[in-house]
Number of protein chains: 2
Amino acid sequence: MSEQSAMDEATYLQQYDPKQFDSPLVTVDAALFTYHDGVLKVLLVERASHPELGKWGLPGGFIDVHRVADLTQAINGVIEDKTGITAPYLEQLASYGNNRRDKRGWSVTVSYTALMAYQACEARIATVADAQWVDVAQLPEMTLAFDHMTIIEAGRERLKQKALYSIVPAYALAEEFTFPELQHLHELLIGKPLQKRSFRRRIEQANLLEDTGKFRKDAGRPAILYRLAAGAEQYRFVRNLED
Amino acid sequence: MSEQSAMDEATYLQQYDPKQFDSPLVTVDAALFTYHDGVLKVLLVERASHPELGKWGLPGGFIDVHRVADLTQAINGVIEDKTGITAPYLEQLASYGNNRRDKRGWSVTVSYTALMAYQACEARIATVADAQWVDVAQLPEMTLAFDHMTIIEAGRERLKQKALYSIVPAYALAEEFTFPELQHLHELLIGKPLQKRSFRRRIEQANLLEDTGKFRKDAGRPAILYRLAAGAEQYRFVRNLED
DNA sequence: TTTTAATAGTGACCTTATGTCACTAATATG
DNA sequence: CATATTAGTGACATAAGGTCACTATTAAAA
């Protein structure tokens, strides 16, 4: 038995000093994606503070243990503070931690991702010079802060899986959208063209879209406008082996 | 412009004090599973230190920023120190962080999971009273430390997906195994019986098993012993939409 | 007004994956 | 040598997805 186990827990907790050893820094970061102007965009902020001053990166920041009670509050608060965006639903992506990713020292970031309908963003605090939705096609020419490019790639990989097996990408569209729009978004996420017949069929089979009765008219035949039905987020395009 | 951006980065980093504010505690935890004696087991340790002294929980611990360079090193080191187990391949599961899960304060844990061939374990350090592979069927009667039950459930959910769509569970078996063994493990993970004809077919189609030419003889007709071929970990049982 | 280009949506047939279950195969036991 | 037991296959049915030519509906050009 160690000495420690001889004392009772209350005493132990009273004497416990969280700063007795060097803990990693902890941040949260979010890779938020939307579909706007016919392209896939990711929300970035221009840093106005050290380190990586002047670079663009994901909205994120340290966890303020006195302000928030859990990770979800932390990430939502940071996104709203830095970009004015309220993210509807965040999915945890992965955590990255090592002694190299941040010059300030050993750091861990818990990353989140989401697909959301487009909404305007704005820089809201002094540490952010600008906030913009950036076309992912422009990313190869950019040098992002920290390992944020890696996080964005992980987010896109996750979205790709969703595009292959679900209609979650519909959440990146406006409330009412057409099949061709949805298909185009899926093609952007997957990176290759899809057969429209197959695409329609599997979505129709799932019965997750409601016909609004309205049409979008551009060039050619007008397209039927749909909206998502309830429960759409769970549907996966794979045979249900669990019945 | 903030005052901070007026100074150069080197000066900023020199003056930066990681203890200037209260950062969450950071731990890593692993839910390791194996198949042994015909049941699914998870590796647990009995805590010999506060808090949660005396309870069983996942092997894990604080990140020692002076000893390890990244999260992977951290989790592998902790597992080996506490249980004597060397985990072959760890997959990151999720991170859990809030101000309630650990009485010592706001804490974040980065959790990992793995399926591995059975190997003996042992308590190796003073803070661990015992280390055991525990049948998951016994978990409902146990009260685990912290939120470790939640992490185990998340791990099992991940394994269930793998059992549905891959042959990754084969990594929890011995090097040579039979189809009936593999099927039984999949059934344990999924929680319901599978049709042996379908099960065999999709695994055979994938061409990821090698016939060893040997047989396992018990009651009834002997079963062919197979081993995993290279590349097996990537295979997923879904139509490949990406060709 | 008619024609044409453009885009949306469907019909029909094909291939592949999976479900089902009865059947055969190979062993141990008595 | 008969029987129980477990492993493995044959064969047909259903369901999902791939392919592509066809029809439908609009705007704009002729």
Side-chain angles (χ1 to χ4, degrees), chain A residues 38 161 163-167 170 173-174 176-188 190-227 235-243, chain B residues 38 161 163-167 170 173-174 176-188 190-227 235-243:
Chain A
Q161 297 308 316
L164 286 168
Y165 305 125
S166 81
I167 55 168
L173 303 175
E176 301 187 342
F177 55 88
T178 67
F179 257 107
E181 276 173 357
L182 183 59
Q183 180 175 342
H184 181 228
L185 170 54
H186 277 246
E187 288 171 339
L188 281 180
I190 295 169
K192 48 189 68 169
L194 296 171
Q195 295 271 143
K196 69 178 170 180
R197 196 70 183 83
S198 308
F199 185 74
R200 284 191 94 92
R201 217 176 3 212
R202 45 184 208 177
I203 290 179
E204 278 170 353
Q205 267 174 11
N207 236 51
L208 294 170
L209 296 188
E210 288 172 4
D211 188 333
T212 63
K214 292 186 263 181
F215 294 87
R216 159 124 59 238
K217 298 188 184 185
D218 280 309
R221 176 174 171 175
I224 300 168
L225 281 165
Y226 293 88
R227 80 169 70 84
Y235 181 70
R236 296 174 69 80
F237 283 142
V238 288
R239 183 164 314 199
N240 190 348
L241 297 166
E242 306 188 47
D243 282 339
Chain B
Q161 298 307 317
L164 286 168
Y165 306 124
S166 81
I167 55 168
L173 302 176
E176 300 188 340
F177 56 88
T178 67
F179 257 107
E181 276 173 356
L182 183 59
Q183 181 175 341
H184 181 227
L185 170 55
H186 276 245
E187 287 171 339
L188 280 180
I190 295 169
K192 48 190 66 170
L194 296 171
Q195 295 273 356
K196 68 176 170 180
R197 197 70 184 84
S198 307
F199 185 75
R200 284 192 93 92
R201 214 174 8 207
R202 43 184 211 177
I203 290 179
E204 278 170 353
Q205 267 174 11
N207 237 53
L208 294 171
L209 295 188
E210 287 172 4
D211 187 332
T212 63
K214 293 185 262 180
F215 294 87
R216 160 125 54 242
K217 299 187 183 184
D218 279 311
R221 175 173 172 177
I224 300 168
L225 281 165
Y226 294 88
R227 80 169 70 84
Y235 181 71
R236 296 176 70 80
F237 284 142
V238 289
R239 182 162 315 199
N240 191 348
L241 297 165
E242 304 188 48
D243 283 338

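It should be emphasised that the depicted structure is a prediction, and the values quoted were computed from it without experimental measurement. In what follows, every chain begins at residue 1, and chains take the letters A, B, ... in the order their sequences are listed. Hydrogens, waters and symmetry mates play no part in the numbers below; they use all other heavy atoms, side chains included.
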message: Going by side-chain contact (heavy atoms from CB on, under 4.5 Å), name the residues that satisfy it together with A/Pro193, two or more places apart in sequence or in a different chain.
response: A/Glu187
- request: Decide yes or no, distance alone: a donor-acceptor N/O pair under 3.5 angstrom between the base of D/dG8 and the side-chain of B/Arg201.
  value: no
query: With no angle test and no hydrogens, is the base of C/dG19 tied to the side chain of B/Arg197 by a donor-acceptor pair under 3.5 Å?
result: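 Side chain to base: no pair below 3.5 Å.
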Could you list the residues that satisfy salt bridge (charged side-chain N to carboxylate O under 4.0 Å, His left out) with [X], not counting sequence neighbours?
X        : value
A/Glu210 : A/Arg227
A/Lys214 : A/Glu176
A/Arg221 : none

For [X] and [N], what is the distance between atoms [atom1] and [atom2] respectively, to the nearest whole Å?
X        : N      : atom1 : atom2 : value
B/Leu182 : D/dT6  : CG    : C1'   : 17 Å
B/Asp211 : D/dA7  : CG    : P     : 16 Å
B/Leu164 : C/dA17 : CG    : C1'   : 15 Å
A/Asn207 : D/dA16 : CG    : P     : 13 Å
A/Glu181 : C/dA8  : CD    : C1'   : 13 Å
A/Leu194 : D/dC20 : CG    : P     : 15 Å
A/Ile203 : C/dG9  : CD1   : P     : 12 Å
A/Gln205 : D/dG18 : CD    : C1'   : 13 Å

- prompt: Closest to the A/Ser198 side chain: C/dG9, D/dA7, D/dG17?
  reply: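 Of C/dG9, D/dA7, D/dG17, D/dG17 is nearest to the side chain of A/Ser198.
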Selection from C/dT18, D/dA7, C/dG9 that lies nearest to any side-chain heavy atom of B/Pro180: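 Nucleotide nearest to B/Pro180's side chain: D/dA7.
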query: Is any side-chain N or O of A/Arg200 closer than 4.0 Å to OP1 or OP2 of C/dG9?
result: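 Yes.
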field: Side-chain N,O (B/Gln195) to OP1/OP2 (C/dT20) below 4.0 Å
entry: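 The answer is yes; a side-chain N or O of B/Gln195 sits under 4.0 Å from OP1 or OP2.
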- request: Check side chain to side chain donor-acceptor pair (under 3.5 Å) between A/Glu204 and all other residues, then give those that pass, not counting sequence neighbours.
  value: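 Once residues adjacent in sequence are excluded, A/Glu204 has no partner under the side chain to side chain donor-acceptor pair (under 3.5 Å) criterion.
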N/O donor-acceptor pairs under 3.5 Å from side chains in residues 194-201 of chain B, not counting sequence neighbours:
none

Rounded (10°) bend between the five-pair end axes of the helix from C/dT1-D/dA30 to C/dG30-D/dC1: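 Here the helix ends are tilted 10° relative to one another.
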Roughly how far, to the nearest 0.5 Å, is [atom2] of [Y] from [atom1] of [X]?
X        : Y        : atom1 : atom2 : value
A/Ile203 : A/His186 : CD1   : NE2   : 5.0 Å
B/Asp211 : B/Ile224 : CG    : CD1   : 5.5 Å
A/Ile167 : A/Leu209 : CD1   : CG    : 5.0 Å

- request: Find which nucleotide of DNA chain D each of A/Lys196 and B/Ile224 is nearest to by heavy atoms, and output the residue with the more 5' nucleotide.
  value: B/Ile224
For nucleotides 24-29 of chain C, tabulate all protein N/O to nucleotide N/O atom pairs closer than 3.5 Å, reporting atom names and distance.
from: C/dA25; atom 1: O4'; to: B/Arg221; atom 2: NH1; distance (Å): 3.2
from: C/dA25; atom 1: N3; to: B/Arg221; atom 2: NH1; distance (Å): 3.4
from: C/dA26; atom 1: N3; to: B/Arg221; atom 2: N; distance (Å): 3.4

message: So, using ring pair (Phe, Tyr, Trp, His ring centres under 6.0 Å) as the criterion, who are the partners of B/Tyr226 when residues are at least two apart?
response: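 B/Phe179.
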